[in-house]
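Data first, discussion second: the structure below is written as structure tokens.
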Amino acid sequence: MIWKSLGRLFGVKPKPEPIFQDSWSPILEERVPLYLKLPEELREDLHRQVARFIASVRFEGCGGLELTEEMVVVVAAQACLLVLHREGEPYPKLKVVYLYPSTFSSVQTRVQPGGFMMESEVHRLGESWDTGTVVLAWDSVAHGSRNVRDAANVTIHEFAHQLDHEDGPTDGAPALASNAAYRSWAEVFRENYADFVQRVQKGKKTVLDEYGATNAAEFFAVATETFFEKPVQLHRKRPELYEELKEYYDVDPRQWSQRDR
Ligand SMILES: [Zn+2]
């Protein structure tokens with residue numbers, strides 16, 4: 001009560017909850033097949049998070065892309081799958097999403113042997129910066145959204161990196177609730193990453209995309225794509241990794257997959 005009257009005194013109003021627009025439902029139903037797999041209560045969570053996301057993040061079309069409501073909703077929905085149960089803004093550090101029509105070029109700086117720097121132009125489907133920015137190629141976003149069983153989803157991948165940035169270093173560990181959770185995460189991810197890299201080096205088949213062998217941060221992002229799109233296979237091959245992700249994302253996509261069998 002005291003806070004309420006102080007708020008009134010200083011003219012502080014509680015922020016109104018952003019509203020999920022009716023026009024967004026058909027977009028989710030038609031363009032985001034993962035949405036159709038969600039149980040009813042998670043769909044409601046997703047609606048709330050999508051509305052909050054769109055109210056708090058700026059979208060900009062780049063390279064001649066004219067932004068549409070569909071583009072914004074398809075990006076927001078996939079990003080919010082990763083934070084269905086978060087209070088407040090879904091990505092508090094994220095300020096802007098830049099959308100290109102297709103692959104975009106970006107300058108990559110690498111340190112060469114001998115210490116000199118070399119710049120090269122690379123073509124990308126997506127990027128995540130720790131300054132509150134995500135860059136995406138719309139055709140890849142749409143393709144990743146449409147195909148929900150290939151574990152290739154650039155939006156989920158880049159937003160996993162956003163979560164990784166939140167606690168400082170982009171090292172394959174997002175912000176976790178306790179020291180015990182960090183210890184468990186570190187142990188499970190270290191073991192699974194080492195084993196995975198070995199399998200890739202030996203040319204063996206893996207449930208995770210080989211790109212995950214690049215470093216620990218890419219391993220987490222690739223594991224997240226697989227968790228949401230090939231949950232049954234990931235659980236079968238790497239149950240401990242699956243459990244860590246299930247605990248962190250606070251959802252169990254294995255249950256969703258079974259719904260459409
Ligand atoms: Zn990545």
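Counting starts at 1 for both ligands and their atoms, in listed order.
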- residues 192-206 vs salt bridge (Lys or Arg N to Asp or Glu O under 4.0 Å), sequence neighbours excluded, gives Asp195-Arg238

- Message: Short of 2.8 Å from the Zn ion (ligand 1), name each protein N/O/S atom, waters not counted.
- Response: His157 NE2, His161 NE2, Glu218 OE1, Glu218 OE2

May I have the list of side-chain donor-acceptor pairs in residues 20-27 shorter than 3.5 Å, sequence neighbours left out?
residue : atom : partner : partner atom : Å
Gln21   : NE2  : Ile19   : O            : 3.4
Ser23   : OG   : Glu69   : OE2          : 3.0
Trp24   : NE1  : Glu69   : OE2          : 3.0

Without placing hydrogens or testing angles, list every side-chain donor-acceptor pair under 3.5 Å for residues 93-102, not counting sequence neighbours.
residue : atom : partner : partner atom : Å
Lys93   : NZ   : Glu166  : O            : 3.0
Lys95   : NZ   : Thr131  : O            : 3.1
Ser102  : OG   : Asp139  : OD2          : 2.8

- Query: Should the pair Arg31-Glu70 be classified as a salt bridge under the 4.0 Å nitrogen-to-oxygen rule?
  - Reply: yes

- Gln49 versus Cys80, closest heavy-atom pair with distance: O-SG, 3.5 Å

- Message: Looking at Glu17 and Arg48, is any side-chain nitrogen of the basic one under 4.0 Å from a carboxylate oxygen of the acidic one?
- Response: no

